[in-house]
Peer 1: 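To start, I am sharing the structure in question, which I have written as structure tokens.
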Amino acid sequence: MDSAAEGFGGRQLRTLQDVSVLLNSSLEFRTVVEAALESTERLFSAQGSAVFLLDNESGSLSFFALTGAKKGVLKGFKIPSQLGIVGWVVEHGQPRFVPDTTEEPLLYRNVDERTGLVTRCLVCLPLITKGRMLGALEILNWPPGGLDWEKDRPFLETFANQIATALDNALLYEELSVAHESLRELDEMKSDFIAVASHELRTPATLIKSFHQVLASGQAGEVTATQRQILEKMAKGIAWLNRVVESVTSIASLDNRPDQNQPAMRLDLVKIAQRLVSELGLLFERRQQIVTLDFASSPMEVVGNETQIEQVLRNILINAIRFTRDGGRIGVTILPHEREVEVAVCDTGIGIPRQEQERIFERFYEVAPASQHTSGTVSFLSGGLGLGLAIARRIIELHGGRIWVDSEVGVGSTFSFTVPRPLEQT
Ligand code: ADP
């Protein structure tokens, strides 16, 4: 159908359809809005149009998108708060139709002075969505009879609604992108810091350890009883420092060389659990905690990196010991599933508040210093770095498994993780 036969109403409808397709396209948003303005401008044979964006803090209105030969001159130009016809429209939330600007006291003449154009007539509509004022839309200089406010108002208001909705979406998307980018940068900074710290801590920690050994062995001269006491205190500090260096190094290596951490071997989870329960036997004894290990069958094979899976279970077991009072119970259960094996470590410890349960798997996150958690008296209770569970989660993720916690404050916690079984067994 040609446009003459289609009639003006038909062309309005088609313009709205075109605009809606345009606004939903994936092109750069400002270009899209300008194309939408141009199609409406053509409909009224108008000379120019613009979309203004309201700055909520200053109240000023800046040109977001505009058309016409002079658009370069107005780039970045702002109309101060409450000035001009746009200022009035935004303040009142009402459209304003000005068929003859010579009789319009509100016209902000600075814009005409900049462009060298003369604004003869204009219509300005507010851009509002979900009750929020976003800015305004303006069309100017149509030929006599080109725009009839009474007749064309429904079209113009629909058009303004379309622009407002699309603008709202674009602004939201932009806000989310900025937030996402700054989170990504923060995460990168954290990884960089961890990598540097692990590198810088390792050498002095090794040096201190070996000089301590030299002194303690008497190779550097006889050790008096007082000196021996001091050396024992130093040994505790060195052991703690080494644990810190190990944790930081583990997480750095999991971050920076995930390819070298690919799981490869078949391992028996029952054997790993038995080995750890025996390795930590002295700690359970010191706290008079009762530990049990249950499994339906043995061996219980999974595919993984033995040192890493052992590290996961060790971190969880050590936490269970730390956060369970003397005389409490700790149970390890190994359950086979169709495609994976699940390990659950259950304790009768202090428990973890619901709102903290996801966060404890984040790096450097601790609910509170361990000293505040426990009634135990053993020196082993001193706090960690908040890295143990972050390391465990990263390792389990690299293995294609899952890790989670169920817990109730004052009752206890169950930490569970899964590791995939060898393919031919599933
Ligand atoms: P850290 O080595 O500092 O303890 P983790 O990442 O291992 O760091 O643990 C993070 C926090 O999760 C702990 O500080 C503690 O608050 C909580 N948590 C971990 N395991 C338990 C548990 N079995 N019972 C109660 N709280 C726990």
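Every number for a ligand or one of its atoms is a count from 1 in the order of the listing. Keep in mind that this is a model prediction, so the values were computed, not measured.
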Peer 1: For the pair Trp149 and Phe97, name the ring-plane relationship: parallel under 30°, tilted 30 to 60°, perpendicular over 60°.
Peer 2: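 Taking Phe97 first and then Trp149, their aromatic rings lie parallel (interplane angle under 30°).
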Peer 1: Please report the closest heavy-atom contact between Val405 and Ser413, naming both atoms and the distance.
Peer 2: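 Result for this residue pair: CG2-CB, 4.4 Å.
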Peer 1: With a heavy-atom distance limit of 4.0 Å, tell me whether Ile352 approaches ligand 1 through its side chain, its backbone, both, or neither.
Peer 2: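 It is the side chain that gets close, since no backbone atom is under 4.0 Å.
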Peer 1: I'd like to know whether ligand 1 has Glu356 as a neighbour, heavy-atom separation below 4.0 Å.
Peer 2: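 It does not; every heavy atom stays at 4.0 Å or beyond.
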Peer 1: If we only consider heavy atoms of Gly386, is any one of them less than 4.0 Å away from an atom in ligand 1?
Peer 2: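 The answer is yes: ligand 1 sits under 4.0 Å from a heavy atom of Gly386.
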Peer 1: With a 4.0 Å cut-off on heavy atoms, is Leu387 in contact with ligand 1?
Peer 2: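 The answer is yes, since Leu387 has a heavy atom less than 4.0 Å from ligand 1.
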Peer 1: Relative to atom 4 (O) of ligand 1, which among Arg322, Gln357, Glu362, Arg243 owns the nearest non-hydrogen atom?
Peer 2: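 Nearest heavy atom to atom 4 (O) of ligand 1 lies in Arg322.
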Peer 1: Please report the C-alpha distance between Gln311 and Ser250 in whole Å, then the side-chain angles of each, then the deciding distance to 0.1 Å, and finally whether the side chain to side chain donor-acceptor pair (under 3.5 Å) criterion is met.
Peer 2: CA-CA 10 Å; Gln311 192 177 359; Ser250 292; 3.1 Å; yes
Peer 1: Does any pair with a residue in residues 270-280 pass salt bridge (Lys or Arg N to Asp or Glu O under 4.0 Å), and if so which ones, sequence neighbours excluded?
Peer 2: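 Qualifying pairs: Arg275-Glu306, Arg275-Glu310, Glu279-Arg314.
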Peer 1: Do Glu358 and Arg393 meet the salt-bridge criterion of a basic N to acidic O distance under 4.0 Å?
Peer 2: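 Salt bridge flag = yes for Glu358 with Arg393.
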Peer 1: Considering Phe364, Tyr365, Phe323, which one's heavy-atom position lies nearest to atom 15 (C) of ligand 1?
Peer 2: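 Selected option, by shortest heavy-atom distance: Phe323.
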Peer 1: Show which atoms of ligand 1 fall inside a sub-4.0 Å distance from at least one heavy-atom site of Ser413.
Peer 2: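 Selected atoms, number and element: 24 (N).
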Peer 1: Below 4.0 Å from ligand 1: does a non-hydrogen atom of Phe415 turn up there or not?
Peer 2: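 Yes.
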Peer 1: Give a yes or no on whether the backbone of Ser416 and the side-chain of Glu342 come within a donor-acceptor separation of less than 3.5 Å.
Peer 2: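 It does not hold such a pair.
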Peer 1: So which of Asn319, Thr414, Ile318 gets nearest to atom 20 (N) of ligand 1, if we judge by its closest heavy atom?
Peer 2: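 Going through Asn319, Thr414, Ile318 one by one, Asn319 has the nearest heavy atom to atom 20 (N) of ligand 1.
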Peer 1: Would you mind checking if Arg184 and Glu188 are paired as a salt bridge, meaning a charged N to carboxylate O distance below 4.0 Å?
Peer 2: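 Yes.
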